[in-house]
Undergrad: 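Sharing a structure here in structure tokens format.
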Amino acid sequence: LDDDGREVTRQCFHVPFTILDTNECTLPTGHPMKHRCQAPSMCVNTIGSYECVCPQLGENSINVGMTADDTFWKELEASDRSPWEVSFASNSKSTCQGLPSTHGCCPESGISTEGQKCRSNFQCPTDPCLSS
């Protein structure tokens with residue numbers, strides 16, 4: 001019964017649908033949802049968003065347009081990283097200082113204002129000895 005004493009009948013409907021993920025890493029330049037990762041960081045697609053990841057020296061485990069899963073992030077966290085990569089101690093140089101990616105640091109949505117700003121400010125440190 002509702003507040004006026006009338007009998008209320010409820011019905012539930014199951015409406016099947018699928019939400020397709022947009023791969024922000026492979027969108028063309030100029031697209032409003034295109035990733036904001038700065039080189040040399042690489043874009044890695046996630047379900048519903050994307051993350052920026054610093055490349056590892058001597059390894060090519062990151063493919064453009066790949067979609068990361070939990071295993072990918074666990075392996076990334078467990079991998080040895082360059083001393084230069086973890087040397088950024090100042091937030092003025094990069095967001096997510098000392099981290100190899102924006103995963104777990106930037107807001108989950110890469111297309112939100114905060115998510116875009118965090119990812120676009122993320123920088124991979126470079127070894128000055130290798131740059132010259």
Side-chain angles (χ1 to χ4, degrees):
L1 298 178
D2 68 7
D3 293 339
D4 296 323
R6 297 176 292 198
E7 188 173 327
V8 177
T9 303
R10 295 181 185 193
Q11 291 182 343
C12 295
F13 297 96
H14 176 72
V15 180
F17 65 93
T18 302
I19 298 174
L20 300 176
D21 179 53
T22 298
N23 188 336
E24 295 85 352
C25 302
T26 59
L27 292 173
T29 302
H31 192 285
M33 290 177 62
K34 174 117 176 115
H35 75 86
R36 304 285 199 277
C37 300
Q38 294 185 43
S41 71
M42 302 172 77
C43 180
V44 174
N45 188 50
T46 61
I47 301 301
S49 190
Y50 70 94
E51 300 293 349
C52 304
V53 178
C54 294
Q56 293 174 267
L57 294 175
E59 292 187 29
N60 191 13
S61 60
I62 301 171
N63 298 318
V64 174
M66 70 177 285
T67 299
D69 58 11
D70 289 340
T71 303
F72 174 84
W73 298 117
K74 287 176 186 171
E75 289 175 0
L76 183 69
E77 289 172 14
S79 65
D80 291 329
R81 306 304 294 189
S82 159
W84 289 102
E85 195 170 52
V86 294
S87 68
F88 272 14
S90 168
N91 205 18
S92 64
K93 291 185 179 181
S94 176
T95 56
C96 311
Q97 67 273 13
L99 297 175
S101 74
T102 56
H103 179 70
C105 173
C106 290
E108 199 169 302
S109 173
I111 60 170
S112 69
T113 302
E114 296 83 16
Q116 286 181 355
K117 183 177 180 184
C118 183
R119 285 164 178 81
S120 66
N121 289 331
F122 178 74
Q123 296 177 14
C124 296
T126 53
D127 184 341
C129 296
L130 296 176
S131 299
S132 48

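The figures that follow rest on heavy atoms only: side chains count, while hydrogens, waters and symmetry mates do not.
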Undergrad: So do E51 and C96 actually touch side chain to side chain, heavy atoms under 4.5 Å?
TA: no
Undergrad: State the OG-NZ distance between S112 and K117, to the nearest 0.5 angstrom.
TA: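 Here the interatomic distance stands at 12.0 Å.
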Undergrad: Taking the SG atom of each, are C105 and C118 under 2.5 Å apart?
TA: no
Undergrad: Rounded to the nearest 0.5 Å, how far apart are SG of C52 and CG of L99?
TA: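 One gets 12.5 Å once the value is rounded to the nearest 0.5 Å.
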Undergrad: Kindly assign one of parallel, tilted or perpendicular to the pair W73 and H103, based on the angle between their ring planes and the thresholds 30° and 60°.
TA: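 Ring orientation of W73 relative to H103: parallel.
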Undergrad: What are the two closest non-hydrogen atoms of T46 and Y50, and how far apart are they?
TA: OG1-N, 3.3 Å
Undergrad: Would you mind listing every salt bridge (Lys or Arg N to Asp or Glu O under 4.0 Å) that reaches into residues 32-44, with sequence neighbours excluded?
TA: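 Residue pairs passing salt bridge (Lys or Arg N to Asp or Glu O under 4.0 Å), neighbours aside: none found.
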Undergrad: Atom CD of E114 and atom CZ of R119: how far apart are they, to the nearest 0.5 Å?
TA: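 Reported value, rounded in 0.5 Å steps: 11.0 Å.
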Undergrad: Let me confirm one number: the CE-CG distance from M33 to N23, rounded to the nearest 0.5 Å.
TA: 10.0 Å
Undergrad: State the OG1-CG distance between T102 and N121, to the nearest 0.5 angstrom.
TA: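 Taking OG1 in T102 and CG in N121, the distance rounds to 11.5 Å.
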Undergrad: Could you walk me through whether C106 and F122 pass side chain to side chain contact (heavy atoms under 4.5 Å, CB included), step by step?
TA: CA-CA 9 Å; C106 290; F122 178 74; 5.6 Å; no
Undergrad: Tell me, which pairs form a salt bridge (Lys or Arg N to Asp or Glu O under 4.0 Å) where one or both residues lie in residues 6-17, sequence neighbours left out?
TA: D2-R6, D4-R6
Undergrad: Is it true that the SG atoms of C43 and C25 are less than 2.5 Å apart?
TA: yes
Undergrad: Counting neighbours of CD on E108 that are heavy atoms of other residues, nucleotides or ligands and sit closer than 6.0 Å, is the number greater than 12?
TA: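 No, not enclosed.
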